[in-house]
Each structure stands twice: as structure tokens, then as C-alpha cells.
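Worksheet: one structure, shown below.
All values below come from the heavy atoms of this structure, side chains included, with hydrogens, waters and symmetry mates left out.
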Amino acid sequence: MKTVKIGVIGLGRLGMEHATNISSRVPGAELAAVCDVHAQRVEQVMEELAVPYGYTDFAEMCENPKLDAIAVVSPSALHPQQIALALSKGKHVFSEKPLGTTVAQCKQAEKAVEAYPDRIFMLGFMRRYDTSYMQAKKIVDAGRIGRIIMIRSYTQECIKTIEGAIQFGPTSGGEFLDMCIHDIDTFRWFTGSEPKELWATGDCYEFQEFAEWNDADNASCLMKFRNGTMCFTFAGHAAPHGTNVETEIMGTRGILRIGSVGTDSLLEIMSQDGITRQCYPDFQRRWHEAYIEEMCEFVRCIQQNRKPEVSVYDGTACSKIAYCCKESFETDRLLQYQG
């Protein structure tokens, strides 16, 4: 099949993860261009990954006729306009979440995708491509744990990355949109339902900087879905032990747990401190294989001319729920979800 030549916009932590994967770990793909507002960063990555084209102007990159697709890994507020521009220039588009930082932006992205039905668009909800979550979904769909009673999902970043979280905070859309959105997608994916009502709470327990943009350093939300399922999400920016993402799915005939110990190592350290295990140091390490698999699926969809499971409408739905959580957090009220 034809090699899919991809350009990446945004060369931060996650942008570099995708760029590196495309350059060497995604069959059928070629990293043909990179783009970032920092020229020195562009030059550095071009040399490091042997990339033929480099840009500081996204529109200029989209004009490159040799590119088949664009991976959007830029600041969240830029996603909708960059999605629209890339599609209009004949490119297939992979975009990291969130789809936009407002519901209006998400609707803008929907219109752009609808205007180009011959293009492939995919949103980066990587948990759907993580081996453990895919196995759990098959078990749930087969009815092996009965009816789902409750799903709880924790997403905690390591305190070692707190400076980056604070720097990104003002443009992130807030903890519910930036972090809990993956839990929200997990809830919708496993239940096939939507929230009915929700109540969110949280605070700045250590890092008061987040209060400057009406956010929290730790936050949670309890939701009741229309099919009766209870869902609980908790997100934190400063876990002392490392990056920790765990999900528990409780059914009437069984329970599934994913990532109850956040590590990819079987190493146990026995010392005067007892027995310890080292956790993932950052989110890239935890989701590395899922990032590769989701990009592989994006390339396969282009080569086979088929639509991915994750659609632009999933992005809008998750963003609407996240903003309802944010409103509940800011007003301290139980809210009926009208999505």
C-alpha cells in the first residue's frame, strides 16, 4: 500500500511522541514534515529524526503537495482552525484531544469534517487503543461481568511534571477538559450511554496557581448515566509516586481492574523501606504503545479508505460533558446534563 506522508504540528512532549513514532514505529507512514512556532526546535527535530521539511508557519506546511496527512498536536485552542485548514488543503487529519476548548469550537470542527467527507478524520482518544482497555471492552461486550453498575477512573500526573502543568494550565481548558476527558470518553465507550446528571468538586490543595483560571490541582466528578450506570472520575496534577491511571469497572457478575499498580515493570525493590515498585514517570511512558497503535489505525484508515471508530462527534460530546463538569465545579451545584 502507499506510504502515508505525515506532517506534525506542535513539537512539545506529546508532539515529539507522535513525531518519533511516525518516523520509526508506524508501518506505512513517513514523517515528512514538522512544524512549530520555535524555529530552533524545528531545526533540532529535523536533524534528530531526518525530516525533509520544516516549518514555523502551519498554513505553509498545509500547502506542501507531498503531504497526505497532518497530525495536530498544537495548543488545544488552535485545534479547530488547524483541522479546518488542513482538511481544506486536501489532507487527512489526526487531531489530539480536546477537539476544541469551547463547545462552539467543537461545532466548528464538526462542520469542517462534514464539509470534506472524502477525508479521514480521527481524534486521539488513545485509551481505545490500549491493549488492556481493548481487552476489557471485549469482556464487557460479551456480557461476562453482567450489567455495569459503576465505573471509576483515576488520572494522576506525577508531581515532577507540575511546572509544565502550570505553564500549560491557562490554555488547557481546565482539568476536566484536559485530563478527565479521557475518563469521560471511557465512560461513554463502555456504557454506550450519556450522563443524566453530575456533580463536580475539587480545590487547589497545594498549587494555588490553578485558582487563577478557576481550576483545581485535584478535582473529581460523580455522574449518573441515563442507563443507570454510576461513573466517578478523579484527576490530579501532583501524584507524589508517579503517573497513575487506573480504571475499575464493576458489574453485577464481575469486576475488571486496569492499572491498579501504575507500572510496566515486574521489578520489586526490597530494602529497609519495605517492598516498593516504581511507577510510570510520565504519561508518555504509560500510553506509549497506545499512541503507536492509534497512529497505526489512522494510517490503515487512510490506506483502506474507511472511517475510524472515534469520530468528531465523540470529541464534541466529551467536551460538552467536560464543560458541564467545569460548570458544576465552579458553581458547586448538581447539574442536569442536557447533551
Side-chain angles (χ1 to χ4, degrees), residues 8-19 21 69-84 86-87 92-110 112-113 120-130 133 153 155-157 164-165 168-169 171-190 194-195 215 219 221 233 235 237 243 245 247 282-284 286-295 297-298 301 307-326 339:
V8 174
I9 169 66
L11 297 174
R13 290 187 299 170
L14 188 49
M16 273 303 295
E17 172 75 24
H18 284 303
N21 292 340
I70 301 291
V72 177
V73 205
S74 54
S76 303
L78 300 177
H79 291 181
Q81 66 192 63
Q82 292 179 339
I83 290 168
L87 289 170
H92 305 290
V93 176
F94 171 92
S95 175
E96 262 302 330
K97 63 79 199 169
L99 187 60
T101 55
T102 67
V103 175
Q105 283 191 340
C106 293
K107 292 294 185 180
Q108 175 188 343
E110 282 186 6
V113 173
I120 303 301
F121 174 79
M122 180 172 167
L123 195 62
F125 283 135
M126 76 289 183
R127 289 189 193 179
R128 298 192 185 208
Y129 300 95
D130 177 82
Y133 282 84
S153 193
T155 301
Q156 294 175 281
E157 291 183 340
F168 178 58
T171 61
S172 69
E175 198 160 25
F176 293 105
L177 188 70
D178 180 46
M179 296 178 68
C180 294
I181 198 164
H182 287 295
D183 303 314
I184 292 167
D185 180 63
T186 300
F187 299 157
R188 295 181 67 249
W189 185 38
F190 274 91
E194 303 289 343
D215 202 8
C221 184
T233 175
H237 282 296
T243 294
V245 179
T247 300
D282 51 48
F283 69 85
Q284 297 104 302
R286 169 61 183 91
W287 301 109
H288 177 64
E289 296 300 326
Y291 288 136
I292 294 173
E293 180 53 33
E294 71 175 356
M295 195 59 67
E297 173 64 4
F298 176 57
C301 286
K307 300 296 185 182
E309 176 186 290
V310 185
S311 74
V312 67
Y313 305 107
D314 290 309
T316 300
C318 289
S319 294
K320 288 176 69 175
I321 295 167
Y323 267 102
C324 192
C325 294
K326 183 175 176 62

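Checked by atom type, the side-chain pair Glu17/His288 shows a donor-acceptor distance below 3.5 Å.
A pairwise comparison of heavy atoms in Val93 and Ala86 identifies CG2-CB, 3.6 Å as the closest pair. What you find for Ala165 and Glu157 is that their closest heavy atoms are CB-OE1, 4.0 Å. Scanning both residues, Ala109 and Ile83, for their nearest heavy atoms gives CB-CD1, 4.5 Å. Listed here is the closest heavy atom pair of Thr316 and Cys106: OG1-CB, 3.5 Å. Gly339 and Lys320 get closest at one heavy-atom pair: CA-NZ, 3.8 Å. Counting all heavy atoms, side chain and backbone alike, Gly174 lies closest to Asp215 at CA-OD2, 3.4 Å.
Here the CD atom belonging to Glu175 is positioned 13.0 Å from the CD1 atom belonging to Ile181, to the nearest 0.5 angstrom. If you take CG on Leu177 and SG on Cys318, they are separated by 10.0 Å, rounding to the nearest 0.5 Å. With rounding to the nearest 0.5 angstrom, the OG atom of Ser76 is 4.0 Å from the CZ atom of Phe168. Between atom NZ of residue Lys107 and atom OH of residue Tyr313 there is a gap of 8.5 Å, rounded to the nearest 0.5 Å. With values rounded to the nearest 0.5 angstrom, Ile184 atom CD1 is found 7.5 Å from Cys221 atom SG. The distance from the CG atom of Leu87 to the NE2 atom of His92 is 9.5 Å, given to the nearest 0.5 Å.
Here Asp178 pairs with Lys97 under the salt bridge (Lys or Arg N to Asp or Glu O under 4.0 Å) rule; sequence neighbours left out. Shown here are the side-chain contact (heavy atoms from CB on, under 4.5 Å) partners of Glu289, two or more places apart in sequence or in another chain: Ile292.
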Side-chain atoms of residues 120-130: list all donor-acceptor pairs with protein atoms under 3.5 Å, sequence neighbours left out, distances to 0.1 Å.
residue, atom, partner, partner atom, Å
Arg127, NH1, Ser153, OG, 3.2
Arg127, NH1, Asp183, OD1, 2.7
Arg127, NH2, Thr155, OG1, 2.8
Arg127, NH2, Asp183, OD1, 3.1
Arg128, NE, Asp185, OD1, 3.4
Arg128, NE, Asp185, OD2, 3.0
Arg128, NH1, Glu309, OE2, 3.0
Arg128, NH2, Asp185, OD1, 2.7
Asp130, OD1, Arg286, NH1, 3.0
Asp130, OD2, Ser132, N, 3.1
Asp130, OD2, Tyr133, N, 3.3

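Looking only at side-chain heavy atoms (C-beta outward), Asp314 and Arg188 come within less than 4.5 Å of each other. Asn21 places none of its side-chain heavy atoms less than 4.5 Å from the side chain of Met295. In this structure, Lys307 and Cys301 have side chains that are not in contact, with every pair of non-hydrogen atoms separated by 4.5 Å or more.
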From CA spacing to verdict: side chain to side chain contact (heavy atoms under 4.5 Å, CB included), Thr233, Phe187: CA-CA 9 Å; Thr233 175; Phe187 299 157; 4.0 Å; yes
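A donor-acceptor contact shorter than 3.5 Å is absent between the side chain of His18 and the backbone of Tyr291.
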